[in-house]
Amino acid sequence: MSRIRVVEILRSETSPGHITVKGWVRTKRDSKAFSFLELNDGSCLGNLQIVADASLPGYEEAVVPARTGASIEVEGTIVASQGEGQKWELQASRVVLVGAAPEDYPLQKKGHTMEFMRSIAHLRPRSNLFGAVFRIRSRMAYAIHQFFQERGFVYVHTPIITGSDCEGAGEMFRVVTMEGETMRTGGDEFFGKPTYLTVSGQLEGETFACALSNIYTFGPTFRAENSHTSRHAAEFWMIEPEVAFCDLDGDMALAEEMVKDLVNDALVNCAEDLDFCNRFVDKGLIERLEFVRDRAFERVSYTEAVALLLASGQTFEYPVEYGHALQSEHERYLTEHHFRCPTTVYNYPKEIKPFYMRRNDDGKTVAAMDLLVPGIGEIVGGSQREERLEVLLANLREQGLEESAYDWYVDLRRYGSVPHAGFGLGFERLLMFVTGVGNIRDVIPFPRTPGTAEF
RNA sequence: UCCUCUGUAGCUCAGCGGUAGAGCGGGUGGCUGUUAACCACUAGGUCGUUGGUUCGAUCCCAACCGGAGGAGCCA
């Protein structure tokens with residue numbers, strides 16, 4: 001008999017009748033005459049309650065040893081439950097123990113700390129929270145493709161191994177080939193030159209935007225920063241759209257629309273899992289997501305933001321000063337106290353931003369933007385790109401960068417240059433925002449952070 | 001890289017200058033259409049590592065290792 005998924009049964013209006021389910025035992029309650037088993041197969045948060053009479057053939061061999069963590073296959077009839085707490089239950093006619101779980105199975109029927117769960121990352125998806133988080137992660141990945149595909153964006157796979165050693169977006173991991181235990185470098189490089197793991201697909205993405213108009217990338221990104229925070233990982237996923245014939249306003253509008261769309265998608269399609277997060281992770285989660293979906297985001301220029309912070313009367317650990325980057329505490333004040341909603345800050349001083357951002361007419365600022373959300377900070381960083389050849393070359397020189405290394409990038413400005421803009425959205429930061437989970441390590445299946453590459 | 005906190009049973013923690021306890025989990029028995037079930041009994045620990053102080057250290061000190069939070073950097 002073919003297997004039916006638990007989610008289908010739990011959502012069924014009428015009894016699916018005689019069926020087979022397969023999954024893992026979450027808990028079991030024995031009585032003399034029968035056992036209750038809670039079966040979860042990962043198709044949804046909820047478990048299916050199974051009633052197994054002690055008179056079943058094979059009860060001793062299959063049901064008795066089917067303790068928490070064991071995998072089983074059960075055939076039987078779905079009937080309305082006599083007990084409180086569930087609509088349907090499975091009256092078993094046959095139970096097969098597929099894989100036993102000894103009594104040292106680490107996941108107990110109690111709350112565990114997130115730290116402990118990280119130490120058993122191979123088993124934590126079997127818990128309620130991590131099952132929910134990773135179903136949401138999957139759905140959000142799908143929703144991202146849907147968002148862009150519906151708007152005519154082309155998905156581009158930019159390289160993971162890159163030779164651009166000064167993308168300016170952070171410390172990079174070096175790619176080398178091994179000769180036994182020694183690394184082959186110098187004049188004997190596999191690629192003929194030093195290569196690195198990408199820190200951004202933006203520069204390559206721009207080339208495709210200047211051909212296919214609207215593109216996006218969605219893939220792994222690597223930073224070798226020695227960061228020990230709840231918001232940084234060495235390996236994470238990033239979404240980077242790039243749009244030709246687009247200015248900063250269009251860029252900001254796209255970022256805001258995207259965040260709203262993804263939040264809405266989660267509310268609609270991950271309701272049960274979000275409800276769990278709302279109850280056990282962050283009590284205000286759903287209210288906040290609905291707020292983000294329904295209300296317009298705030299927009300302020302960097303100059304206005306600085307004035308606002310100076311006028312706030314707040315004492316900050318780092319003083320607010322025009323020309324300096326906004327500190328975490330400043331961003332937090334804006335999103336969590338002043339506006340109390342997602343906020344886009346734009347037009348930053350050119351000195352604190354990279355060479356490729358478009359110089360504004362005031363000569364002092366560039367057309368950059370950061371979308372900040374309460375609780376997390378920057379979730380999107382983007383800009384209109386400098387499309388004027390002479391200005392771009394001047395920027396390269398001003399920042400002491402080797403012009404020849406960016407030859408192909410500069411070519412975009414030599415041949416049919418167009419105004420264009422784009423941004424990067426940290427996938428995991430979005431997930432933290434959507435699930436309320438406070439640590440990036442808990443929205444990545446097997447997180448890589450300094451000193452940790454287990455599993 | 002810097003600052004702070006932390007490391008005691010499988011898990012979560014308490015404790016004390018004279019070598020340790022609880023709850024949960026595990027095991028055994030009982031009971032019940034149960035649902036983080038309940039009741040009784042029971043087994044688990046060279047108190048992160050290495051030095052130092054001391055008659056004596058799990059407890060005090062130092063270094064190291066691991067974990068967490070914050071800062072910077074950013075996504």
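Throughout, a chain's letter reflects where its sequence line sits, starting with A, and its residues are numbered from 1.
Taking side-chain N and O atoms only, Thr113(A) has a distance below 4.0 Å to OP1 or OP2 of U12(B). For Ser328(A), a side-chain nitrogen or oxygen approaches OP1 or OP2 of G72(B) to under 4.0 Å. Checking the phosphate oxygens (OP1, OP2) of A68(B), a side-chain nitrogen or oxygen of Arg441(A) falls inside 4.0 Å. Between G72(B) and Arg231(A), no contact under 4.0 Å exists linking OP1 or OP2 to a side-chain N or O. Of the side-chain N and O atoms in Ser31(A), none sit less than 4.0 angstrom from OP1 or OP2 of A37(B).
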Polar-atom pairs under 3.5 Å, protein N or O versus N or O of nucleotides 40-44 of chain B: list them with distances, or write none.
none

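For U34(B), its base sits under 3.5 Å from the side chain of Gln86(A) at one donor and acceptor pair at least.
The residues Glu75(A) and Arg94(A) are annotated as salt-bridged, a charged nitrogen and a carboxylate oxygen being separated by less than 4.0 angstrom. Taking a cutoff of 4.0 Å between a charged side-chain nitrogen and a carboxylate oxygen, Glu398(A) and Arg359(A) qualify as a salt bridge. In this structure, Asp247(A) does not pair ionically with Arg358(A), as no charged nitrogen and carboxylate oxygen lie closer than 4.0 Å.
Which of G69(B), A75(B), C73(B) sits closest to the side chain of Ser230(A) comes down to G69(B). Nearest to the side-chain atoms of Glu115(A) among the listed nucleotides U34(B), U12(B), A68(B) stands A68(B). Out of G67(B), G72(B), G33(B), the shortest distance to the side chain of Ser227(A) is found at G72(B). When the nucleotides C11(B), U35(B), G69(B) are ranked by their closest atom to the side chain of Asn439(A), G69(B) comes out on top.
Note on ring orientation: taking the six-membered ring where Trp is involved, the planes of Phe455(A) and Phe446(A) are tilted (angle from 30° to 60°). Ring geometry for Tyr216(A) versus Tyr155(A): interplanar angle under 30°, hence parallel rather than tilted (30 to 60°).
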Stepwise, does the ring pair (Phe, Tyr, Trp, His ring centres under 6.0 Å) test hold for Tyr409(A) with Tyr356(A)? CA-CA 10 Å; Tyr409(A) 184 73; Tyr356(A) 53 73; 7.1 Å; no
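Among the atoms of the strands shown, only primed sugar atoms or phosphate atoms (P, OP1, OP2) are found under 4.0 Å from some heavy atom of Phe116(A). Across all strands shown, Thr449(A) has no heavy atoms under 4.0 Å from either base or sugar-phosphate atoms.
With C1' as the reference atom, G7(B) and U58(B) are 12 Å apart, rounded to whole Å. Look at the C1' atom in both G17(B) and U53(B): the space between them is 12 Å, to the nearest Å.
Of the candidates Tyr346(A), Tyr322(A), Tyr348(A), Thr303(A) forms a side chain to side chain contact (heavy atoms under 4.5 Å, CB included) with just one, namely Tyr322(A).
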